[in-house]
Protein chains: 2
Amino acid sequence: MQERPSISKATVDRLPRYYRCLRQLSDEGGDIVSSEELGRRLAINPEQIRKDLTAFGQFGKKGVGYYVAELKESIGGILGLDQHLSLAIVGMGHLGAALANYQGIARLGFRLAAIFDSNPVVIGTRVGERRVEDIAYLAEIIAERNIQIGVIAVPAAQAQIAADQLIAAGIRGIWNFAPVKLHVPPSIPFVSEDLSVGLSALSYYLAHRGGESDVLSEKN
Amino acid sequence: MQERPSISKATVDRLPRYYRCLRQLSDEGGDIVSSEELGRRLAINPEQIRKDLTAFGQFGKKGVGYYVAELKESIGGILGLDQHLSLAIVGMGHLGAALANYQGIARLGFRLAAIFDSNPVVIGTRVGERRVEDIAYLAEIIAERNIQIGVIAVPAAQAQIAADQLIAAGIRGIWNFAPVKLHVPPSIPFVSEDLSVGLSALSYYLAHRGGESDVLSEKN
DNA sequence: TAGATTGTTAATCGATTAACAATC
DNA sequence: TAGATTGTTAATCGATTAACAATC
């Protein structure tokens with residue numbers, strides 16, 4: 001799966017939205033969809049959608065459109081959702097709990113394989129069907145359960161330590177929720193989420209009304 | 001506060017990062033900072049930073065740099081953080097609880113003024129120093145407490161209803177966490193957060209290794 | 001066949017980066 | 001003054017949109 005034209009982040013960020021929309025269409029019993037219809041539902045230009053897709057191959061039929069089920073599978077494959085990667089959440093505070101209960105993880109095909117915390121009060125408690133493990137066993141559990149993605153949900157001050165531990169344990173990627181700049185080797189892809197950006201942007205648009213609106217951080 | 005050149009979303013999204021970095025510098029006792037240093041800390045081009053800032057005015061001193069405290073205040077003002085807007089969270093599930101306990105809200109100067117839920121078991125319980133209110137009283141409490149921002153943390157199926165209620169109650173902006181496309185009048189700015197985009201993007205980068213990495217959803 | 005819709009190339013638009021004059 | 005660094009204009013780069021030939 002080598003792509004010649006390097007794919008832009010903007011394109012990669014639109015793929016999950018195509019994927020979700022296709023699943024909805026599939027659930028609604030949709031068989032075929034045009035870039036036109038997809039664009040209407042997502043508020044994205046049809047030519048943008050076609051452009052994004054052709055970066056990965058030819059998925060449609062001229063004069064017809066795209067087969068919903070087929071395209072959904074294809075995009076899922078491009079995103080690697082068919083790998084059913086395993087996640088470990090580090091930090092079982094309110095945020096960790098919210099993530100552990102977040103339906104989206106399973107819906108995208110990921111498996112929540114471990115939850116870690118360092119607080120003795122929390123260790124051993126159950127979250128959903130998982131037991132919170134002592135972070136002291138992080139390395140061995142990550143290895144044992146073949147966990148590929150580490151989710152950092154600890155306070156900012158501990159985030160780098162958690163990242164280092166995860167990397168030492170052989171994690172392949174990091175999904176970071178701590179508001180810090182993580183230092184991570186270039187071989188480890190990571191994505192940081194920062195809610196304060198979204199809230200600040202909303203505040204900005206409220207303070208500067210008169211212009212247009214609904215400028216979405218992550219459009220749906 | 002009228003800006004002539006319409007500001008790009010990319011610029012607006014960088015402002016909170018400048019703001020946070022300036023606060024850190026301020027905490028560290030920093031007095032003056034150059035775009036060079038700011039750029040190093042944020043992994044952003046210095047010329048990008050200067051460009052972003054000049055869209056709002058002239059904040060620096062040639063040959064010197066920017067006064068940390070002054071620039072922090074200026075950016076805070078541009079973002080509207082000095083308004084100390086009030087928020088209401090609708091939906092006290094795991095996500096709502098995480099948001100209610102999210103330090104970033106207060107740190108940016110916002111006030112969490114109300115929490116709503118429809119579940120009788122949850123209504124009346126305390127979250128931090130707030131009591132969970134019956135959603136039946138949403139309209140009057142929003143008005144009474146002069147709440148400007150509604151935070152939607154209900155399941156996808158109820159998100160549009162919550163949005164409609166908030167808007168009817170006179171809310172000015174919406175911060176949406178439900179993975180649905182909200183229909184909102186153009187006069188109401190809203191920002192949607194969608195975690196599945198970040199996780200999917202991470203998955204994509206894991207599936208397509210060999211290229212570069214650390215492509216951050218929201219850089220820190 | 002006629003109509004529809006993709007895949008792809010070309011044109012446009014906007015954002016980032018580079019360069020440099022102004023000036024502290 | 002010499003050195004540093006901003007503010008701003010120009011050059012570059014990349015992403016989006018438009019156009020259209022290919023073809024189902």
inquiry  = For DNA chain C, please output the secondary structure as dot-bracket, reading 5' to 3'. Pairs are Watson-Crick or G-U wobble, both atom distances under 3.5 Å; mark crossing pairs with [ ], other-strand partners with |, unpaired with a dot.
reply    = ..||||||||||||||||||||||

Set of residues satisfying side chain to side chain donor-acceptor pair (under 3.5 Å) with respect to B/Thr11, sequence neighbours excluded = B/Ser8, B/Asp52

ask   = For A/Arg107, what residues pass the salt bridge (charged side-chain N to carboxylate O under 4.0 Å, His left out) criterion, not counting sequence neighbours?
value = none

task = Apply salt bridge (charged side-chain N to carboxylate O under 4.0 Å, His left out) to A/Arg23 and list each qualifying residue two or more places apart in sequence or on a separate chain.
result = none

note = Sequence neighbours excluded, the answer for salt bridge (charged side-chain N to carboxylate O under 4.0 Å, His left out) partners of A/Glu37 is A/Arg40, A/Arg41

Listed once per pair and sorted, the side chain to side chain donor-acceptor pair (under 3.5 Å) pairs that draw on residues 78-91 of chain A, sequence neighbours left out = A/Ser86-A/Arg111

remark   = The correct set of residues in residues 30-39 of chain B placing a heavy atom under 4.0 Å from DNA chain C is none

Under-3.5 Å N/O pairs linking protein and nucleotides 18-24 of chain D:
from: D/dC24; atom 1: O4'; to: A/Lys62; atom 2: O; distance (Å): 3.1

task = Would you mind listing every side chain to side chain donor-acceptor pair (under 3.5 Å) that reaches into residues 155-173 of chain B, with sequence neighbours excluded?
result = B/Gln160-B/Asp164

Short heteroatom pairs, N/O only, protein and nucleotides 11-15 of chain C, under 3.5 Å:
none

query = Going by the ring pair (Phe, Tyr, Trp, His ring centres under 6.0 Å) test, which pairs reach into residues 157-178 of chain A, not counting sequence neighbours?
reply = A/Trp175-A/Phe177

query = Sequence neighbours excluded, which residues qualify as salt bridge (charged side-chain N to carboxylate O under 4.0 Å, His left out) partners of B/Arg145?
reply = B/Glu133

